[in-house]
Peer 1: 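Just dropping this structure here.
A note on names: the letters A, B, ... follow the listed sequences, proteins ahead of strands, and every chain is numbered from 1.
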Amino acid sequence: MILERPKSLADVSTHFCPGCSHGIVHRLVSEVMDELQIEGRTVGICPVGCAVTSYNYFTCDMIEAAHGRAPAVATGVKRANPDKVVFTYQGDGDLAAIGTAETVHSATRGENITVIFINNTIYGMTGGQMAPTTLPGQVTQTTPYGRDPRYAGFPVRICEMVSTLSGCAYAERVAVDSPAHVKAAKKAIMKGFRNQLDGMGFSIIEILSTCPTNWGMTPSQAIERVRNEMIPYYPLGVYKDMTDKGGVFGDK
Amino acid sequence: MILERPKSLADVSTHFCPGCSHGIVHRLVSEVMDELQIEGRTVGICPVGCAVTSYNYFTCDMIEAAHGRAPAVATGVKRANPDKVVFTYQGDGDLAAIGTAETVHSATRGENITVIFINNTIYGMTGGQMAPTTLPGQVTQTTPYGRDPRYAGFPVRICEMVSTLSGCAYAERVAVDSPAHVKAAKKAIMKGFRNQLDGMGFSIIEILSTCPTNWGMTPSQAIERVRNEMIPYYPLGVYKDMTDKGGVFGDK
Amino acid sequence: MAEERVLMKGNEALAEAAIRAGCRCYFGYPITPQTEIAAYMSKRMPKIEGGVFLQAESEIAAINMVYGAAASGVRAMTSSSSPGVSLKSEGISYIAGCDLPCVIVNVQRGGPGLGGIQPSQSDYYMATKAGGHGDFHLLVFAPASVQDMADFAVWAFESADKYRMPAMILSDGLLGQMMEPVVFPEISSAQPEKPWAAVGHNNARPHNIINSLYLQPDELEASNIQRFERYEVVKREMASAQTYLTEDAEIIVTGYGATSRIIRSAVNAARKEGIKAGMLRPVTLWPFPEQAYKDTLSTAKVYLDVEMSMGQMVNDVKLAIECKRPVHFFGHTGGIIPTPAEVLAQIKALDEKIRKGDI
Amino acid sequence: MAEERVLMKGNEALAEAAIRAGCRCYFGYPITPQTEIAAYMSKRMPKIEGGVFLQAESEIAAINMVYGAAASGVRAMTSSSSPGVSLKSEGISYIAGCDLPCVIVNVQRGGPGLGGIQPSQSDYYMATKAGGHGDFHLLVFAPASVQDMADFAVWAFESADKYRMPAMILSDGLLGQMMEPVVFPEISSAQPEKPWAAVGHNNARPHNIINSLYLQPDELEASNIQRFERYEVVKREMASAQTYLTEDAEIIVTGYGATSRIIRSAVNAARKEGIKAGMLRPVTLWPFPEQAYKDTLSTAKVYLDVEMSMGQMVNDVKLAIECKRPVHFFGHTGGIIPTPAEVLAQIKALDEKIRKGDI
Amino acid sequence: MTSEIQLAGFGGQGILFAGKVLAYCGMLDGREVSWLPSYGPEMRGGTCNCSVTLSDEPIGSPTVYNPDILIVMNEPSFVKYINEVKPGGCAFVNTTLVDSVSDRKDIDIYNIPATAMAEENGLTGGANIVMIGMLIKKTGIISMDGIESTIRKMVPPKKAQLIENNMKAIRMGYDFE
Amino acid sequence: MTSEIQLAGFGGQGILFAGKVLAYCGMLDGREVSWLPSYGPEMRGGTCNCSVTLSDEPIGSPTVYNPDILIVMNEPSFVKYINEVKPGGCAFVNTTLVDSVSDRKDIDIYNIPATAMAEENGLTGGANIVMIGMLIKKTGIISMDGIESTIRKMVPPKKAQLIENNMKAIRMGYDFE
Amino acid sequence: MAKMTVDHSRCKGCGLCVDVCPKKIIVILKDVRTAKGYNPAECSDQSKCIGCGFCFEMCPDCAIRVEK
Amino acid sequence: MAKMTVDHSRCKGCGLCVDVCPKKIIVILKDVRTAKGYNPAECSDQSKCIGCGFCFEMCPDCAIRVEK
Ligand SMILES: Cc1ncc(C[n+]2csc(CCOP(=O)(O)OP(=O)(O)O)c2C)c(N)n1
Ligand SMILES: Cc1ncc(C[n+]2csc(CCOP(=O)(O)OP(=O)(O)O)c2C)c(N)n1
Ligand code: SF4
Ligand code: SF4
Ligand code: SF4
Ligand code: SF4
Ligand code: SF4
Ligand code: SF4
Ligand SMILES: [Mg+2]
Ligand SMILES: [Mg+2]
């Protein structure tokens with residue numbers, strides 16, 4: 001047995017900071033594309049955020065979307081090409097703040113796409129401002145005294161929210177803070193793509209991730225934070241699964 | 001006992017079509033303003049939709065917001081003037097389509113405002129296009145063959161969705177299809193305003209309403225449709241109530 | 001096949017022609033006075049092989065769906081009216097920055113803000129100067145009849161593909177709502193290959209990337225320069241205008257779209273009174289038909305620009321004639337359509353001045 | 001009180017000055033290169049009586065929060081950079097249509113699309129011509145130093161209130177990110193009464209309505225005409241420019257904001273070589289200081305417009321001088337800042353032409 | 001020759017449809033035609049009007065300001081438009097819903113209780129077409145043959161009853177007085 | 001007189017802070033100053049540079065293209081900038097992280113193993129300030145007095161230790177060789 | 001004794017009051033046309049009105065006044 | 001026998017592999033600096049590697065190869 005770089009992950013070095021979870025998730029998505037042999041018919045949609053240049057890393061065809069609009073762009077691609085595999089890869093600012101309407105409506109439409117959602121409780125790329133998912137009390141550039149829900153609002157729990165929507169076929173929250181969790185994350189991502197191949201509807205995998213740079217932590221500390229602070233606030237698990245009911249349209 | 005026009009409802013005739021529920025709800029909101037004696041310190045935000053000219057009907061100060069942005073406008077007013085009472089009055093296109101992000105985020109922020117949400121399963125003002133809440137199978141101008149969720153998506157259930165958000169203090173769905181339901185609707189609206197006076201956080205009252213004109217029905221038929229088709233799909237009831245917990249910030 | 005005249009609303013004629021031109025994806029959001037386009041598409045698209053109609057959750061979602069569909073190589077369109085087009089600005093800038101072809105329809109209404117829903121031409125600046133942030137242009141077509149609504153839909157799709165540019169059809173509530181007989185154009189041209197499209201590489205080519213991000217300033221500048229070189233070609237090849245009785249005209253009345261119809265009526269009336277008036281109607285607003293204006297300088301003593309706005313195209317007219325003649329402006333806003341009588345009065349006043357030697 | 005010089009980034013100086021000018025509500029969404037404004041506000045506002053900092057869920061929400069706060073009579077501000085400002089277009093049009101005062105900051109970056117994050121001036125059109133749909137204008141201020149960033153924040157709030165217009169500070173990444181010493185202006189002026197504000201009538205007056213909808217065309221037109229009459233006053237009272245060595249200048253180099261600093265260096269260098277170059281820097285971009293340009297015609301043989309764009313202000317320069325002299329353009333885009341050496345080379349080439357009699 | 005026609009009444013009275021019938025008929029006659037509706041927000045109860053131009057040359061402004069022919073179906077529209085009719089023109093007035101009278105002598109005014117006639121004959125909502133019938137008789141700008149083929153083209157064949165009703169309404173108006 | 005200074009190195013080496021110290025000091029001296037950082041997306045690992053101008057007249061372009069004084073703290077920056085220095089100018093090179101050497105004879109090159117010196121003295125991250133110390137000694141464009149009051153102003157008083165450490169680093173650089 | 005009156009200037013003749021009146025005493029006046037062109041409602045028999053207010057609750061135009 | 005190798009051209013020295021190795025055989029090379037300026041990781045004792053792949057799973061830069 002050999003564990004090595006998947007084929008669908010381009011042979012280039014990423015610009016991600018040392019210890020950033022984006023890198024792990026990139027590998028997982030690429031492995032899934034390899035294993036399902038879909039790279040050649042997949043179109044990936046990058047967000048605006050630290051993953052903005054993912055088009056350099058994933059070897060499938062890629063489209064860079066405007067901030068928050070990846071699900072709309074994915075919808076355009078998928079509706080025009082129902083036989084292609086379309087996924088978005090989005091951060092929490094992108095998906096849960098500016099892109100809220102696109103997230104909710106692609107979910108409620110049962111858009112047959114796969115959404116990879118990196119929840120790192122921060123705006124990474126712009127230097128560490130509050131994200132919708134920033135934890136209460138968390139210090140960020142725009143919550144310098146710690147996020148106070150009374151003024152800055154409460155964190156949004158995306159899996160919980162989209163699970164209420166009829167078009168959502170599958171919503172699972174995973175983390176990448178340990179090898180076991182990484183493996184579970186891959187299983188979830190695999191399921192998210194398989195669902196699309198099976199026409200199940202909208203699938204979202206929320207991945208609790210690190211941003212050592214903007215958290216002001218070492219990579220190891222950041223992993224600890226995922227485990228000790230994030231997972232308790234964002235419980236892992238499957239929030240919705242319509243796959244044995246034949247998906248959201250119930251006829252598969 | 002005299003039942004008559006409330007003081008906060010301007011002494012003008014509305015432009016609403018015969019039998020349209022907007023008129024009933026306007027009366028209810030005005031009565032609540034009267035009974036709480038808050039008209040003088042209330043700022044109402046109109047949507048873009050058939051209620052766009054509500055600024056002519058409510059006698060409190062009024063602001064006309066861009067389509068879907070009423071909760072953001074309300075946030076601006078309320079943050080700048082925390083001692084004022086601020087409500088939005090929005091249709092389902094306004095609140096649940098273009099304004100989804102504003103709805104979700106004012107709710108998750110626990111914005112201390114009251115949202116009156118008219119769900120009539122249609123875009124009234126523009127002549128009867130599909131709304132996010134249009135029922136499966138419903139014929140509209142843009143679902144001429146009936147709404148097929150496979151292509152046009154599933155209806156959004158707003159109370160169910162916003163109830164998952166920590167900043168939402170109170171979410172109730174009511175209807176105005178019978179005198180008893182109208183009275184219950186008023187109670188809910190009253191509670192929505194009281195919550196604001198008590199600093200409880202975000203309150204939303206979803207009101208199942210008619211649009212005889214664009215449904216192609218008589219007013220009586222429209223009332224029947226609310227009862228027989230809408231209520232089964234959109235169950236009435238309280239979806240969230242944090243008032244006895246002291247509101248979303250838990251300290252009142 | 002005998003050409004058949006059918007009576008249709010401008011909005012519907014545009015929609016039908018778009019479909020005939022190979023538009024396979026329509027994404028839109030209702031707004032008066034263009035909703036008939038969406039309504040028509042919702043009826044027709046499901047009956048067409050591969051046809052997609054989707055009512056988006058907002059204008060922003062709609063333009064970004066168009067972005068996705070266009071990026072994957074499909075002819076895609078959206079339509080809206082003024083406030084909705086404002087919301088599309090960011091998306092339009094992205095589409096231009098990625099060199100994607102698509103068609104955007106603006107059936108203008110009165111502004112600013114919520115404004116009104118009656119016809120207007122106050123989005124000229126937005127269409128021709130700043131469809132969004134950054135340096136870029138749209139192809140802008142200005143129909144003046146229901147027939148144009150149909151013809152220009154085809155023209156827009158074809159030119160958009162040819163130059164890899166987003167094209168805008170800048171219409172208004174009058175043209176959208178009125179009915180006239182229309183003969184649908186024969187669609188001859190096959191669609192061009194789009195080897196750049198992101199639609200899956202089938203392991204047969206390197207991956208395609210659709211993107212407008214260039215973190216290195218020199219790369220971003222290079223992409224801008226390349227685009228503007230292409231624009232120079234477009235200017236040469238596309239600039240288009242229509243003239244009417246300009247050969248000997250002392251007074252050139254100019255206006256685009258619906259306004260040009262009113263101008264034509266007024267010019268006819270002026271001619272009846274012996275006034276040498278002519279009409280110059282820009283058909284493409286970007287590129288602006290500067291040469292057509294210059295060509296009128298030999299006889300023109302004065303220009304009268306008529307718009308349903310406070311005066312937006314008027315500066316382009318001045319620049320086109322290099323400020324060599326006075327350019328007067330007459331306009332209405334808010335949904336008031338200038339009448340032929342009003343325009344005639346303006347023409348007569350100018351004629352009077354000419355006669356008196358004041359011009 | 002002795003004036004103290006403090007070393008600050010342009011973004012921070014602007015934020016601090018806004019607070020001193022009475023800004024009580026800031027709503028924004030992060031975007032490079034303006035995020036320091038939000039960061040600064042998030043630190044300071046909570047410490048101020050009635051001060052509100054709120055990170056909105058999007059630029060759209062932010063501008064509409066500003067709309068709400070401004071409608072209720074409070075001095076409110078938002079800031080963003082190019083793509084984010086595109087998204088605000090609809091909201092800006094509403095604010096203008098409702099005659100609400102507020103301040104909008106655009107710290108420009110390269111475009112179109114996602115573009116880049118380095119300094120740019122390619123949103124000139126968006127700021128001065130089409131901040132959104134419909135006929136309207138913004139007051140547009142173009143700072144050229146950190147001191148200006150502070151001073152113009154105050155100026156913008158005061159003029160916005162005075163004329164009931166939204167004001168835009170059109171800055172760029174260079175001015176936002178650089179530090180210079182700044183002396184904060186004394187704030188003298190009390191804020192004007194706002195009897196029109198929707199803030200609760202206390203049963204003491206008829207209800208106020210903030211609105212831009214006029215379903216009757218004549219009412220909408222009347223509101224537009226009224227607004228444009230006000231604009232005429234603004235043009236007379238506000239148009240502002242700075243000149244440097246223009247008295248005898250044959251070559252007028254013109255550019256706004258950060259670019260004017262580079263021009264000044266180049267003009268100095270040119271003068272050293274005996275070339276009669278001068279600088280004309282528009283300080284307000286709307287209203288455009290046309291008279292200042294006309295005033296230079298007596299000596300000017302040629303104009304050189306320098307921008308960090310593909311050339312957007314250049315047409316306004318031509319119109320200001322009524323096309324009476326040639327106007328050349330030199331620009332860079334994408335985050336490349338023109339160097340004094342490059343501008344000097346352009347000046348020398350023009351001087352050469354003048355000497356040869358080619359101009 | 002150019003005929004400018006204005007039709008006006010309450011929303012719901014079929015003003016736009018009547019205008020469309022005229023335009024369609026003109027088109028089938030091979031003429032230039034334009035049809036321009038008033039449009040507004042959906043809410044019911046307002047007035048509604050429509051400009052139709054039939055011409056032998058290209059049509060400039062499609063808005064009719066001073067009609068050659070006016071069709072008015074309610075009181076407010078009568079008041080609003082009757083004085084706009086070109087001298088020498090004519091007006092068709094639905095007297096069921098118009099009480100006012102005009103003292104204009106320079107135009108021909110044709111009165112017809114179209115709403116009452118339609119209702120009495122089981123053609124509720126057909127008053128608009130009754131008035132078209134009278135217009136054909138009085139002006140001849142379109143022909144009876146033309147109108148029949150127009151209605152056959154405009155109404156889908158499976159709605160044969162509708163075609164019948166429309167033709168019945170036309171004839172009622174044509175034969176009035 | 002105008003001094004144009006360029007500072008460059010890895011992100012995280014305190015390039016921007018060192019530049020700010022110079023600018024601040026110049027300001028306290030009553031001079032015109034400007035400070036312009038490179039900026040980019042947050043992701044770590046890139047290079048970082050900063051332009052500082054100290055002048056007695058208003059500063060035009062704040063971007064330094066050909067510095068009078070260069071401070072380079074890593075290899076890539078050395079390679080990139082060493083040939084941009086104005087003839088007659090000088091360069092301060094952090095030899096701990098710069099291996100290349102330049103054969104330019106028209107500028108003064110001062111080598112100092114600043115990173116190693118800082119680390120050895122328990123001042124990890126203080127290499128930038130060590131280099132400032134040497135710059136003061138060699139160029140005199142700012143004074144030791146000036147730098148001390150600058151650092152006292154820039155560092156909040158409650159972080160007294162930090163002030164001490166910075167001054168220690170300055171002196172280390174100043175006293176080098 | 002209860003009394004229900006309809007303000008004809010507001011009534012749009014929607015008939016919702018007619019539907020809910022438990023006493024079935026509200027009628028639409030087919031022969032009356034309001035200024036806006038509607039056939040308004042009216043109480044046909046005040047003596048039977050129990051003042052329940054159902055009509056008031058359902059009236060979208062607040063055209064009804066009930067005294068009890 | 002399992003084998004773990006680190007591609008130094010990719011390794012950013014984050015140390016996540018070090019943390020998760022059950023055999024504690026991964027070390028950060030303080031004295032080596034990669035082209036990008038990082039101290040890379042390395043397996044200090046191949047013989048103890050059990051090929052569990054934990055290091056591989058956690059490596060954000062896919063710099064690790066494990067053979068078993
Ligand atoms: C319209 C618009 N608004 C704002 C930005 C600036 N921006 C770039 S990335 C980003 C947030 C990224 O955060 P997130 O989505 O959480 O991704 P991460 O970097 O954390 O992976 C923002 C606000 C932009 N590019 N466009
Ligand atoms: C940005 C923008 N998009 C679209 C419109 C057009 N528009 C006006 S009202 C409306 C929908 C109204 O529907 P809803 O919110 O359900 O209210 P209702 O009329 O049913 O009460 C739309 C899409 C607009 N005015 N502005
Ligand atoms: S800034 Fe944060 S999210 Fe972005 S690459 Fe660095 S660690 Fe990852
Ligand atoms: S269109 Fe529908 S929602 Fe609008 S006023 Fe009429 S009935 Fe009410
Ligand atoms: S109050 Fe009750 S009984 Fe009286 S009219 Fe109204 S519904 Fe009928
Ligand atoms: S409910 Fe009101 S509007 Fe409707 S018929 Fe009765 S009184 Fe008239
Ligand atoms: S494979 Fe397992 S034992 Fe071997 S180095 Fe990696 S983590 Fe350690
Ligand atoms: S996890 Fe990967 S990048 Fe991090 S130290 Fe280990 S090998 Fe290097
Ligand atoms: Mg994030
Ligand atoms: Mg609705």
Peer 1: Measuring heavy-atom distances to chain A, does C:Ala76 have an atom under 4.5 Å in its side chain, in its backbone, in both, or in neither?
Peer 2: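 Interface part for C:Ala76: neither.
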
Peer 1: Which bit of C:Ile63 is near chain A, if near means a heavy-atom gap under 4.5 Å: side chain, backbone, both or neither?
Peer 2: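 Neither part; nothing is under 4.5 Å.
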
Peer 1: Check each atom of A:Val85 against the heavy atoms of chain C and say whether the ones under 4.5 Å are side chain, backbone, both or neither.
Peer 2: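 For A:Val85, there is no contact with chain C at all, as no heavy atom is under 4.5 Å.
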
Peer 1: Looking at A:Arg194, I'd like to know if its CZ atom is crowded, meaning that more than 12 non-hydrogen atoms belonging to other residues, nucleotides or ligands lie closer than 6.0 Å.
Peer 2: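 Open: at most 12 neighbouring heavy atoms sit under 6.0 Å from CZ of A:Arg194.
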
Peer 1: Quick one: NZ on A:Lys84 to CG on C:Asn202, what's the gap to the nearest 0.5 Å?
Peer 2: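 The distance works out to 6.0 Å.
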
Peer 1: Taking every non-hydrogen pair under 4.5 Å, which of A:Arg41, A:Lys78, A:His67, A:Glu39 racks up the most with chain C?
Peer 2: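 Winner by heavy-atom pair count: A:Glu39.
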
Peer 1: For A:Thr53, is it the side chain, the backbone, both, or neither that has a heavy atom closer than 4.5 Å to a heavy atom of chain C?
Peer 2: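 Side chain only.
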
Peer 1: Under 3.5 Å, which donor-acceptor pairs do the side chains of residues 213-221 of chain C form with other protein atoms, sequence neighbours left out?
Peer 2:
{"residue": "C:Glu221", "atom": "OE1", "partner": "D:His332", "partner atom": "ND1", "Å": "3.1"}
{"residue": "C:Glu221", "atom": "OE2", "partner": "D:His332", "partner atom": "ND1", "Å": "2.7"}
{"residue": "C:Glu221", "atom": "OE2", "partner": "D:Thr333", "partner atom": "N", "Å": "2.8"}

Peer 1: To the nearest 0.5 angstrom, please state how far the OH atom of C:Tyr94 sits from the CD1 atom of A:Ile63.
Peer 2: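 Spacing of OH (C:Tyr94) from CD1 (A:Ile63) equals 13.5 Å.
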
Peer 1: Using 0.5 Å steps for rounding, measure from the OH atom of A:Tyr55 to the CD1 atom of C:Ile209.
Peer 2: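 Answer rounded to 0.5 Å: 7.0 Å.
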
Peer 1: Does the side chain of C:Leu54 come within less than 4.5 Å of A:Arg109's, by heavy atoms?
Peer 2: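 With C-beta onward as the side chain, the pair touches.
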
Peer 1: For the pair C:His207 (side chain) and A:Met62 (backbone), establish whether a donor and an acceptor sit closer than 3.5 Å, ignoring hydrogens and angles.
Peer 2: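 No, because the side chain of C:His207 does not come within donor-acceptor range (under 3.5 Å) of the backbone of A:Met62.
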
Peer 1: Under a 4.5 Å heavy-atom cut-off, does chain C meet the side chain of A:Arg79, its backbone, both or neither?
Peer 2: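 For A:Arg79, heavy atoms of backbone and side chain both lie under 4.5 Å from chain C.
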
Peer 1: Using a cut-off of 6.0 Å, state whether more than 12 heavy atoms not belonging to C:Gln226 lie near its atom CD.
Peer 2: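 No, the 6.0 Å shell around CD holds no more than 12 heavy atoms from other groups.
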
Peer 1: Counting heavy-atom pairs closer than 4.5 Å to chain C, which one of A:Asn56, A:Val52, A:Val48, A:Thr59 comes out on top?
Peer 2: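 Option with the greatest count: A:Thr59.
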
Peer 1: Please check: side-chain N/O of A:Asp61 versus main-chain N/O of C:Val199, any donor-acceptor pairing under 3.5 Å?
Peer 2: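 Answer holds: yes.
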
Peer 1: Taking all atoms of both residues into account, what is the closest heavy-atom pair of C:Glu90 and A:Ala66, and its distance?
Peer 2: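 So the minimum-distance heavy-atom pair works out to OE1-CB, 3.8 Å.
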
Peer 1: Looking at C:Ala61, C:Gly50, C:Ala204, C:Gly51, which makes the most heavy-atom pairs under 4.5 Å with chain A?
Peer 2: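 So the answer, after comparing C:Ala61, C:Gly50, C:Ala204, C:Gly51, is C:Ala61.
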
Peer 1: Pick whichever of C:Val74, C:Asn64, C:Ile60, C:Asn203 has the most heavy-atom pairs under 4.5 Å with chain A.
Peer 2: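 Most heavy-atom pairs under 4.5 Å with chain A: C:Asn64.
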
Peer 1: Is C:Val66 in contact with chain A via its backbone, its side chain, both, or neither, using a 4.5 Å heavy-atom distance?
Peer 2: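 C:Val66 has no heavy atom closer than 4.5 Å to chain A.
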
Peer 1: Name the member of C:Ala198, C:Cys98, C:Ser72 that forms the most heavy-atom pairs with chain A at distances under 4.5 Å.
Peer 2: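 Among the listed options, the one with the most contacts to chain A is C:Ala198.
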
